[in-house]
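The first residue in the sequence is number 1, and the count goes up from there.
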Amino acid sequence: MPQENKNNKLYYVIIALSVVLVLMSATIYAISQSGSENNTENTISISGYAEQKVIPDTATLNIGVVVQSETAKEATDKNAALMSAVIAELKATGLQDKEIQTSYVSVSPVYNYANDTQTIKGYSASNSVQVTTKNLDNLSEIIDRSTAAGANDIGSISFSVSDDKQKQLREDLMNEAVADASSKATTLAKSLGTKITGVQTSSVSDNSGSRAIYEYDMATTAKGAESTPIQPGESTVSMSVQVTYYIE
């Protein structure tokens with residue numbers, strides 16, 4: 001009997017503790033919900049936006065040489081000689097070493113397929129460099145002199161706005177985006193019969209836009225046509241802000 005009384009007491013204690021825990025959990029949840037409601041109470045959230053059209057100041061393109069020969073060594077030697085001549089011409093246009101970066105090197109077999117059999121008929125050696133320059137007026141000369149020196153693999157030219165130039169624009173864009181959000185918030189608050197009293201939170205997002213791409217036609221150069229004028233066009237740099245205002 002005493003043991004049974006002990007078990008009963010333990011059972012009631014467990015029940016009591018369970019009730020207390022449930023009540024505590026409910027109280028904590030109610031407080032958190034109240035706090036959450038207070039955080040969003042008497043506020044409005046507004047986005048602001050600003051953009052500018054800018055002319056890209058940086059061009060990037062790949063210039064390469066692809067050579068096929070009977071042996072891997074012969075293909076590699078021919079490729080190395082031609083690529084050295086191409087790089088020499090690139091430097092002769094005024095490009096610095098830091099503006100010319102090796103981007104791809106490979107040597108691979110070239111197969112001949114006949115009668116359901118595969119045989120090696122030679123080897124292909126490829127080598128290309130990535131050129132990045134802010135001298136956009138020099139692009140046609142860079143391409144023409146490279147192809148004359150032996151380059152036969154010219155990749156697409158992409159234009160972009162450099163980080164330095166974007167940095168110069170960010171302050172103005174941020175001011176414009178914030179002013180846009182403030183104007184919208186003031187108008188909305190007035191229509192609601194309230195007024196802005198402060199800022200609760202804010203966030204910023206900037207975007208440089210997509211890169212403009214120019215496709216270079218190697219076939220045109222092979223025909224000896226005049227250099228095609230290359231124009232970078234315009235790129236869009238934008239910024240948006242999200243601001244949550246207190247109102248009363």
Side-chain angles (χ1 to χ4, degrees), residues 17-62 98-99 101 130-137 139 155-216 229-248:
L17 288 174
S18 299
V19 172
V20 171
L21 288 174
V22 170
L23 291 174
M24 289 178 62
S25 298
T27 302
I28 293 172
Y29 177 77
I31 292 173
S32 65
Q33 288 296 104
S34 175
S36 176
E37 290 175 0
N38 288 335
N39 285 338
T40 58
E41 190 176 26
N42 298 328
T43 62
I44 55 175
S45 185
I46 301 292
S47 62
Y49 179 80
E51 69 174 30
Q52 287 190 29
K53 298 289 186 180
V54 294
I55 297 176
D57 62 348
T58 304
T60 302
L61 68 157
N62 286 308
K98 64 180 181 180
E99 297 174 303
Q101 180 180 6
Q130 184 180 76
V131 173
T132 302
T133 179
K134 292 185 178 181
N135 189 358
L136 304 189
D137 293 335
L139 285 177
S156 299
I157 304 170
S158 64
F159 298 98
S160 62
V161 180
S162 66
D163 291 341
D164 290 341
K165 193 168 185 177
Q166 287 190 54
K167 187 176 181 180
Q168 295 173 6
L169 296 170
R170 282 193 181 102
E171 185 175 347
D172 290 340
L173 288 173
M174 183 177 293
N175 290 335
E176 291 177 19
V178 170
D180 181 48
S182 179
S183 175
K184 291 176 181 177
T186 300
T187 301
L188 179 58
K190 184 177 180 181
S191 67
L192 295 173
T194 61
K195 65 178 181 178
I196 304 294
T197 60
V199 174
Q200 185 189 56
T201 61
S202 63
S203 61
V204 179
S205 175
D206 60 280
N207 176 36
S208 61
S210 59
R211 298 168 71 94
I213 305 296
Y214 174 86
E215 295 291 342
Y216 186 75
I230 300 173
Q231 299 296 327
E234 286 186 333
S235 183
T236 301
V237 177
S238 63
M239 180 171 291
S240 59
V241 297
Q242 189 74 25
V243 185
T244 300
Y245 296 91
Y246 289 114
I247 58 174
E248 66 176 17

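- What you find for Ala177 and Ala50 is that their closest heavy atoms are N-CB, 3.7 Å.
- Side-chain contact between Asn175 and Met239 is absent, with no heavy-atom pair separated by less than 4.5 Å.
- When all heavy atoms of Leu61 and Gly155 are compared, the closest pair comes out as CB-O, 4.5 Å.
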For this session: Start with the C-alpha gap between Asp180 and Lys184, add the side-chain angles, then the distance that decides, and say whether salt bridge (charged side-chain N to carboxylate O under 4.0 Å, His left out) holds.
Result: CA-CA 6 Å; Asp180 181 48; Lys184 291 176 181 177; 3.3 Å; yes
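- A donor-acceptor pair under 3.5 Å is formed between the side chain of Thr194 and the backbone N or O of Ala189.
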Exercise. Is there a side-chain contact (heavy atoms from CB on, under 4.5 Å) between Asn42 and Glu248 once you walk through the steps?
Worked result: CA-CA 6 Å; Asn42 298 328; Glu248 66 176 17; over 6 Å; no
Problem set entry | Test side-chain contact (heavy atoms from CB on, under 4.5 Å) applied to Lys134 and Ser162, step by step | CA-CA 9 Å; Lys134 292 185 178 181; Ser162 66; 3.9 Å; yes
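- Contacts of Asp57 classified as salt bridge (charged side-chain N to carboxylate O under 4.0 Å, His left out), with partners at least two apart in sequence or in another chain: none.
- In this structure, Ser160 and Pro56 have side chains that are not in contact, with every pair of non-hydrogen atoms separated by 4.5 Å or more.
- Counted by atom type alone, Gln130 and Thr60 present zero donor-acceptor pairs between their side chains at under 3.5 Å.
- Note: Gln101 CD to Thr132 OG1 = 7.5 Å, rounded to the nearest 0.5 Å.
- Distance check, rounded to the nearest 0.5 Å: CD1 of Ile44 to OG1 of Thr186 gives 8.0 Å.
- With hydrogens and angles left out, the side-chain atoms of Glu51 and Tyr49 include a donor and acceptor closer than 3.5 Å.
- Nearest heavy-atom pair across Ala181 and Ile46 is O-CG2, 3.5 Å.
- Here the side chains of Ser45 and Tyr245 are not in contact, with every heavy-atom distance at 4.5 Å or above.
- In this structure, Lys165 and Thr58 have side chains that are not in contact, with every pair of non-hydrogen atoms separated by 4.5 Å or more.
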For this session: Using the side-chain contact (heavy atoms from CB on, under 4.5 Å) rule, take Val243 and Val178 through it: C-alpha gap first, then chi angles, then the decisive distance, then the call.
Result: CA-CA 8 Å; Val243 185; Val178 170; 5.7 Å; no
For this session: Given side-chain contact (heavy atoms from CB on, under 4.5 Å), test Glu176 with Val241 step by step and report yes or no.
Result: CA-CA 10 Å; Glu176 291 177 19; Val241 297; over 6 Å; no
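- Atoms CD1 and OG1, from Ile157 and Thr133 in turn, are 11.0 Å apart once rounded to the nearest 0.5 Å.
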